[in-house]
Structures are given as structure tokens and as C-alpha cells.
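Residue numbers run from 1 in the order of the sequence given.
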Amino acid sequence: MKIIYCLPSTFRMGGTERVVTAKANYLVTHGYEVVIITTDQGRQSSYFPLDERVQCIDLNINYEKNSTRPFLKKLFYFIYNRWLHRRRLKKVLMEQRANIVISTFFNEQPIVPKIQDGSIKILEFHFSRVVFQYMQRQGIYRWVEKWGERQARKAISRYKKFVVLTVQDADNWGNLPNTQVISNMITTKRGRISDGENRRVIAVGRYESIKGFDRLLSIWELVIKEKKDWTLHIYGKGSMRERLEEIIDCKGLKTSAVLEGESSDLAEEYAKSSIFVLTSHYEGFGMVIVEAAAAGIPTVSFDCPCGPRNIIRDGQTGFLVEDGNIKKFADKLLMLMDDVNLRREMGRRAYEDSRQYLPEVVMKQWTDLFEEMVRTK
């Protein structure tokens, strides 16, 4: 069976790219033929390790260059790039004749269902619907984005299946008849398990506003007054690094809060820690919570849309805190810091829960879906 994935643009360091790469690697080792189509990859290699049996095709559209153009040029090149994308993607799909073509909800999303190549079309959403609200800008761009959301909803109905990550997000879309929930799988290797002893808190994510690391530092300012022997380690990269460094300096947190940058072995960093924290304004799923759980550490998280409440059992594998309640978040974090036995017990339960996100569990849901759809086509 041949499966084609359409990636947003390149094999960059993003959540969608990481998950699609992991799925492709799994599928080719289980007898599937897999093709990944990009639009802006050029000759760059994949950021994440990719099995050599996965075929990669780049359409050379250059969507990314459009972000630097003024509005009228943006509009012209958006129309031109979309036309070029449709033309080149159709040519590839007609040549490849895959059984299933999967859109990852980016520029190819309105194009894929219209191409009559004989394949079954699946739409896979790696975010949550609230992303449309957080992305909205002012002026004419806001109108364009609202129009884009309406068009996206229309396009969803043209796909055989619309796969979302959480029950919560399925509800956000209004329980469309073609919706199916399949969570993300663990993509980090399962390494050693934390013993809960280290006085070390970890956070992982892009240094961007949506991850809420500025409010994490406000929480840490409260916590560190009582727990001066604990440290906070934030892993990631992004445009807000300089601003976060300024906040750390202004709040006098240099000795206890560290922006670690990227890590080549996050599984080990989780294992060296005792508590994971998530302060995002929204998530598509919250894979980092599952990765932390796989290392046997509990999570304190804001109950943001979407994901944390579908992963964390409040009071059992971690704590869910009313979104934006800085004081309560600090209190829950202090509760875990005060009790090593509580950390260990919550971490043990979290580890057991993480088994449902193992590749062999999640990918069976995908392969069952593929086989059923091809059989009943």
C-alpha cells in the first residue's frame, strides 16, 4: 500500500514535521511504501532522521519567500503560488497513484480533494481549532484569516476522514461526521526513568508567545522564594529568547532559571528532572506532557485548549490548573516540590498512562484505518 504525506513546506524543526517523519519511518518498516511531498525543501536534508526508503519529492513552490513581501505582492504571489502548487501536485499525484493521500492542513489542504488521482483523501490536523483565534491579526489581515477559517471548514467536508488529536478538539469542530480522533505518538526514545530526587523542573517548547514562558517565569519568581535549591530548565528555540532572557534578568532569576536551547537527547533531560511544567496559551495536543510521562515525571499544566485535560489525570498523574491562574499554579508546583513520594507516585502513574501513546499502539490505529478505507473504497 502506498501512502503520501503532504508536509507544510520543509522538514524543519516543527511538531508536524517530527510526527510525520516518525510515522513515515514506522510505516516503511512495516511494509508500506511512503512518499513525502514538500513545497519549499529544495536540497536541504530532513531535520529529523528519515528512513532512506521514504521517497521525498519537493515541488519548489517557495511559499516562504512570500512572508517578506508587502500586502499587494503577497496577494498576487499567493494566487500564483496556489495555481503553481495545484498544477505540480496534480502531476505528482497522477504519476504516483497512491492508495491514500494525507494533507497536514496547510497550503495543500484545499487542493488535494480536487485532484482525481484515484486515492483516498485524509486530512490530518496537528493543532487545535483555537489556533485560528490566536493567529488573528488586525485590519485586513484579520478579515483574510476569518475567511481562511471558513474556507478550511468547507474543505474538511471534502475529505473521507478528518483526523484530530483530542476529543476536546473534535467537539470544537462540532463533531463533523467524518471526524476521527487519533492522538500523537511518542517520538522520543524511551530511556531511563526519573527517580524524582533531582530538584530540577523542566519545560520544553518553542520560545514563542503561545508557549507562555513569560508567565512560567512569573510563576517561578513566586516559587523560588521558598525553594532556593531548585532550578528551572527551559529547552527550545525561537524569536522570544532575548525577551525571556531580559525577564530572567529583571526578576533576578539568573541563578535558578536557564534557557537551555535545543537538546539532542530530550529523553535524558526529562529523566534528570523531577517535574514537568506546561504554561502554553494553547496546544494541539501537548506531546511534551506524554514525553515527560514516559520518563516517569508528573506534570503541572494550565488547563489550556487543547490536550492537557485529555492527557493528565488531575491529582493522579499531575495537576491541571485554571488557565492563567499564576498563584494556584505556583501552589501546585510547591506541593510537588515538597513531597518526593508524591512526585514518585504521580510519575509512576504517568509512566503507565504513557503506554497508550507508544508507536505500536497509535500506529495500529492508523494502519487499521488505512486498511479499512482501502477495503471499503
Original post:
If you measure from the Lys or Arg side-chain nitrogens to the Asp or Glu carboxylate oxygens, is any gap between Glu197 and Arg344 under 4.0 Å?
Top reply: yes
Original post:
Of the non-hydrogen atoms in Gly296 and Tyr351, which two are nearest, and what is the gap between them?
Top reply: CA-CB, 4.2 Å
Original post:
From Glu269 CD over to Ser263 OG, what is the distance, rounded to the nearest 0.5 angstrom?
Top reply: 4.5 Å
Original post:
Between Arg241 and Glu245, is there a side-chain N and carboxylate O pair less than 4.0 Å apart?
Top reply: yes
Original post:
What is the distance from atom CD1 of Ile100 to atom NZ of Lys161, rounded to the nearest 0.5 Å?
Top reply: 12.0 Å
Original post:
Does the pair Asp214/Lys251 count as a salt bridge with the N-to-O cut at 4.0 Å?
Top reply: no
**OP:** Flag the pair Asp169 and Arg129 as a salt bridge only when some basic side-chain nitrogen lies within less than 4.0 angstrom of an acidic carboxylate oxygen.
**Re:** no
Original post:
Leu333 and Ile275: side chain to side chain contact (heavy atoms under 4.5 Å, CB included), yes or no, with the steps?
Top reply: CA-CA 8 Å; Leu333 188 50; Ile275 304 169; 3.7 Å; yes
Subject >> Any donor-acceptor N/O pair, Ser194 side chain to Gly196 backbone, under 3.5 Å >> reply: yes
Subject >> Ion pair check, Glu372 and Arg375, cut-off under 4.0 Å >> reply: no
**OP:** Apply side chain to side chain contact (heavy atoms under 4.5 Å, CB included) to the pair His85 and Asn81, showing each step before the final yes or no.
**Re:** CA-CA 6 Å; His85 192 171; Asn81 286 343; 5.9 Å; no
Subject >> Full working for salt bridge (charged side-chain N to carboxylate O under 4.0 Å, His left out) between Lys91 and Asp117 >> reply: CA-CA 9 Å; Lys91 182 176 185 294; Asp117 60 320; over 6 Å; no
Original post:
Side chains of Ile202 and Val277: does their closest heavy-atom pair fall under 4.5 Å?
Top reply: no
**OP:** In sequence, state the C-alpha distance, the side-chain angles, and the governing distance for Cys306 and Asn172, and then conclude on side chain to side chain contact (heavy atoms under 4.5 Å, CB included).
**Re:** CA-CA 9 Å; Cys306 284; Asn172 288 342; 3.2 Å; yes
Original post:
Do the side chains of Leu232 and Val258 get nearer than 4.5 Å, heavy atoms only?
Top reply: no
Original post:
Is the closest basic N to carboxylate O distance between Arg313 and Asp353 below 4.0 Å?
Top reply: yes
**OP:** Could you tell me which non-hydrogen atom of Pro298 sits nearest to which non-hydrogen atom of Met346, and how far apart they are?
**Re:** CB-CB, 3.6 Å
Subject >> Pairwise distance CD(Glu371) to NZ(Lys364) - rounded to 0.5 angstrom >> reply: 10.0 Å
Subject >> Donor on one side chain, acceptor on other, Asp58 and Thr38, under 3.5 Å >> reply: yes
Original post:
Going by an N to O cut-off under 4.0 Å, is there a salt bridge joining Glu33 and Arg53?
Top reply: no
Original post:
Counting only heavy atoms not in Arg199, do more than 12 sit closer than 6.0 Å to its CZ atom?
Top reply: no
**OP:** Examine Tyr63 and Ile37 and state if one hydrophobic cluster contains both, with Ile, Leu, Val, Met, Phe, Trp and Tyr joined whenever side-chain heavy atoms are less than 4.5 Å apart.
**Re:** yes
Original post:
Around atom NZ of Lys160, are there more than 12 heavy atoms of other residues, nucleotides or ligands at under 6.0 Å?
Top reply: no
Subject >> Lys/Arg-Asp/Glu bridge criterion (N-O < 4.0 Å) met for Lys211, Glu283 >> reply: yes
**OP:** Using ring pair (Phe, Tyr, Trp, His ring centres under 6.0 Å) as the criterion, point out the one residue from Tyr159, Phe285, Phe105 that pairs with Phe125.
**Re:** Phe105
Original post:
Are Leu7 and Val54 in one and the same hydrophobic cluster, where Ile, Leu, Val, Met, Phe, Trp and Tyr link if side-chain heavy atoms are under 4.5 Å apart?
Top reply: yes
Original post:
Under the side chain to side chain contact (heavy atoms under 4.5 Å, CB included) criterion, do His233 and Glu260 qualify, and how do the steps go?
Top reply: CA-CA 6 Å; His233 303 261; Glu260 296 281 8; 2.7 Å; yes
Original post:
Could you state the interatomic distance from CD (Gln55) to NZ (Lys2), rounded to the nearest 0.5 Å?
Top reply: 6.5 Å
Original post:
Counting only heavy atoms not in Glu242, do more than 12 sit closer than 6.0 Å to its CD atom?
Top reply: no
**OP:** With Lys332 as the cation and Phe319 as the aromatic partner, state whether NZ or CZ is under 6.0 Å from the six-membered ring centre and within 45° of the axis.
**Re:** yes
Original post:
So does Glu124 pair up with Lys23, basic N to acidic O under 4.0 Å?
Top reply: yes
**OP:** Answer yes or no: is there an ion pair linking Lys227 with Asp338, defined by an N-O contact shorter than 4.0 Å?
**Re:** yes
Original post:
Looking only at heavy atoms, what is the nearest atom pair of Ile297 and Ser273, with distance?
Top reply: CG2-O, 3.3 Å
Original post:
Between Ala24 and Leu50, what is the shortest heavy-atom contact and its length?
Top reply: CB-CD1, 4.4 Å
Subject >> Rounded distance [0.5 Å steps], CG in Leu59 versus SG in Cys6 >> reply: 8.0 Å
Original post:
Taking 4.0 angstrom as the limit, do Arg18 and Glu291 come out as a salt bridge?
Top reply: yes
**OP:** Report whether Ile219 and Ile289 are members of the same hydrophobic cluster (ILVMFWY, side-chain heavy atoms less than 4.5 Å apart, transitive linking).
**Re:** no
Subject >> Stepwise side chain to side chain donor-acceptor pair (under 3.5 Å) test for Gln109 and Ser103 >> reply: CA-CA 6 Å; Gln109 183 241 16; Ser103 163; over 6 Å; no
Original post:
Ser256 and Trp230: side chain to side chain donor-acceptor pair (under 3.5 Å), yes or no, with the steps?
Top reply: CA-CA 7 Å; Ser256 66; Trp230 281 73; over 6 Å; no
Original post:
Going by heavy atoms in the side chains, are Ile247 and Phe213 under 4.5 Å from each other?
Top reply: no
Original post:
What class does the angle between the rings of Tyr77 and Tyr80 fall in, given that below 30° is parallel, 30 to 60° is tilted and above 60° is perpendicular?
Top reply: perpendicular
**OP:** State the CD-CD distance between Gln44 and Gln41, to the nearest 0.5 angstrom.
**Re:** 5.0 Å
Original post:
So does Arg349 pair up with Glu352, basic N to acidic O under 4.0 Å?
Top reply: no
